[in-house]
Amino acid sequence: MDYQDIIKDWKQHKFKSLYWLEGEEDFFIDQVTAYAEHELLPESEQGFNLTVLYGKDTDWTTVINACRRYPMFAERQVVLLKEAQAMRDLLKLEAYIDNPLTSTIFVVAHKQGKIDGRSKMAKLIKEKGVLLSTKKLYDNQLPTWVESYVNSRGLAISQKAAILLVDHIGNDLSRIANEIDKLLVNLPSQKKIDESDIEKYVGISKEYNVFELQNALGQKNTAKVFRIIAYFAANPKAAPIQMTLPALYNFFAKVNLVFSVKGGEKEIAAALGVHPFFVKDYLNAARQYGPDGTEKAILLLHQYNLRSIGINDSGVEDGELMKELMYKMMS
């Protein structure tokens, strides 16, 4: 079950006795636990019927006693166990999970991994409650997730704006969501977020960023490449060399894979693990550089990455290093 499905059920007053939230992606778990803590019960009932426990500070008897208590002046109570992965005797909750109280909504947040799916506990969780198992999203899934998240807030976002946001923040859903939520505050009457909004409110230049440098380099657009490099040199915090070089290395490593993939754009996107929107950029770069030029670019990026951290370098400034590297790659 998706985290949004759980919250949707709760909004429709559809409840189970147990919700077990586990896995690698904290954002999805945090969304459910936040709703459970702040929205499941009216504020007037939270003082009596909401119990929040932390795995590192509690034990199985305390948790079970809280779950077996009957709600006070209400139909149900909520017991929220956060950081369950830190609870030493977690498996002793098995007895309660096997026979939960219907008037208790027990929400368990187990981050940084999963319990053994072959265990009796895991089988009981699936039988008696709702299991949310989360995974980190792949990079090629992030722009689509951004679009979906923005849509869930009642707005739309251009594909390029979504990619620009992801390219700047990376695979941190909490940070992405926070930036989107700030955008929504600043754009109350607007229906669609575009690159200008990202530039204005998130502080990412829509023209001078690593994504645009990558595209210009892939096209061998010399004027644009050196214009972006000049901007980076004048604004070191916009794209530090230690972040820029690995991003470009990753780009050319994927370009190199293009030469070994059989099939069309769909097959290439799957093989490279990228959003289909990006495929044309990799294909264009493959045509511009060819196998030999791509290999040369990868070797140069490795060499200059070492120089950027002081290995085999006499102290050349980052801006000059980048200019020298761009010239060699495109020549």
Side-chain angles (χ1 to χ4, degrees), residues 1-135 149 152 173-174 177:
M1 179 176 275
D2 184 82
Y3 83 98
Q4 292 176 318
D5 293 330
I6 293 175
I7 294 174
K8 183 179 178 181
D9 279 354
W10 285 349
K11 288 179 178 180
Q12 296 174 354
H13 299 280
K14 298 176 182 177
F15 306 110
K16 296 286 187 179
S17 298
L18 170 69
Y19 294 87
W20 187 279
L21 322 172
E22 65 177 22
E24 302 166 352
E25 182 48 73
D26 292 353
F27 175 80
F28 300 134
I29 295 173
D30 289 340
Q31 291 291 296
V32 178
T33 53
Y35 193 95
E37 184 172 357
H38 302 292
E39 305 293 339
L40 267 185
L41 297 175
E43 191 173 345
S44 59
E45 294 182 13
Q46 290 177 9
F48 295 110
N49 295 311
L50 173 64
T51 303
V52 180
L53 302 168
Y54 291 84
K56 63 181 179 179
D57 300 323
T58 193
D59 56 43
W60 69 279
T61 55
T62 302
V63 175
I64 290 180
N65 286 338
C67 289
R68 291 207 180 281
R69 190 180 64 229
Y70 286 95
M72 189 177 293
F73 311 119
E75 289 184 36
R76 61 185 61 86
Q77 68 157 343
V78 174
V79 177
L80 178 55
L81 176 59
K82 296 183 177 182
E83 300 173 7
Q85 72 279 359
M87 188 171 157
R88 288 180 297 175
D89 47 10
L90 183 66
L91 293 180
K92 291 186 177 180
L93 297 180
E94 186 180 292
Y96 175 78
I97 291 173
D98 191 29
N99 186 28
L101 203 64
T102 57
S103 58
T104 294
I105 301 173
F106 184 29
V107 182
V108 182
H110 185 285
K111 295 182 177 180
Q112 303 165 16
K114 307 174 183 179
I115 63 167
D116 188 346
R118 299 165 298 179
S119 66
K120 183 181 177 182
M121 173 85 107
K123 293 173 184 176
L124 282 173
I125 290 167
K126 294 175 183 178
E127 178 186 343
K128 303 288 184 175
V130 173
L131 172 66
L132 174 67
S133 185
T134 70
K135 295 191 298 184
Y149 185 81
S152 74
L173 301 191
S174 296

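The structure displayed is predicted, hence computed values, not measured ones.
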Could you tell me whether a side-chain N or O of E25 sits under 3.5 Å from a main-chain N or O of F27, the two making a donor and an acceptor? yes
Any side-chain heavy-atom pair of K92 and L90 under 4.5 Å: no
Pair K11 + E39: basic N to acidic O under 4.0 Å: no
Which atoms form the tightest heavy-atom contact between A74 and N49, and what is the distance? CB-ND2, 3.5 Å
Apply side-chain contact (heavy atoms from CB on, under 4.5 Å) to the pair H110 and L21, showing each step before the final yes or no. CA-CA 6 Å; H110 185 285; L21 322 172; over 6 Å; no
Residue pair K82, L53: steps toward the side-chain contact (heavy atoms from CB on, under 4.5 Å) verdict: CA-CA 6 Å; K82 296 183 177 182; L53 302 168; over 6 Å; no
Any heavy-atom pair between the side chains of I125 and I115 that's under 4.5 Å? yes
So which heavy atom on A109 is nearest to which on I29, and how close? CB-CG2, 3.8 Å
Compare all side-chain heavy atoms of W20 with those of M121 and state whether any distance is below 4.5 angstrom. yes
What pairs with W10 under side chain to side chain donor-acceptor pair (under 3.5 Å), at least two apart in sequence or on another chain? Y19
Carefully, step by step, assess L80 and T51 under the rule side-chain contact (heavy atoms from CB on, under 4.5 Å). CA-CA 6 Å; L80 178 55; T51 303; over 6 Å; no
Quick note, salt bridge (charged side-chain N to carboxylate O under 4.0 Å, His left out) partners involving residues 43-72, not counting sequence neighbours, are none
What's the separation between atom OG1 in T58 and atom CD in E83, rounded to the nearest 0.5 Å? 12.0 Å
Distance from L18 atom CG to E127 atom CD, nearest 0.5 Å? 11.5 Å
Under 4.5 Å between any side-chain heavy atoms of L50 and E37, yes or no? yes
When rounded to the nearest 0.5 angstrom, what distance separates CD in Q31 from OG1 in T134? 12.0 Å
If every non-hydrogen atom of F28 is compared with every non-hydrogen atom of K135, which pair is closest and at what distance? CE1-O, 4.1 Å
Can you tell me if E94 has over 12 outside heavy atoms packed within less than 6.0 Å of its CD? yes
Using a strict cut-off of less than 4.0 Å between a Lys/Arg side-chain nitrogen and an Asp/Glu carboxylate oxygen, indicate whether K111 and E22 qualify as a salt bridge. no
Nearest-0.5 Å distance, CD1 of residue I64 to OH of residue Y96: 9.0 Å
Nearest 0.5 Å, please: how far is OG in S44 from CZ in F73? 12.0 Å
Does some side-chain heavy atom of V78 sit less than 4.5 Å from a side-chain heavy atom of Q46? no
Rounded to the nearest 0.5 Å, the CG atom of L124 sits from the CG atom of L131 at a distance of 12.5 Å
side-chain contact (heavy atoms from CB on, under 4.5 Å) between Y70 and L101, worked out: CA-CA 9 Å; Y70 286 95; L101 203 64; 3.9 Å; yes
Residue pair R76 / L40, side-chain heavy-atom distance below 4.5 Å: no
Does any part of the side chain of I6, heavy atoms only, come nearer than 4.5 Å to the side chain of L132, both counted from C-beta? yes
Which pair of non-hydrogen atoms, one from Q77 and one from T104, has the smallest distance, and what is that distance? NE2-OG1, 3.0 Å
Does a side-chain heavy-atom distance below 4.5 Å link F106 with V63? yes
Check the side chains of S133 and K114 for a donor-acceptor pair under 3.5 angstrom, ignoring hydrogens and angles. yes
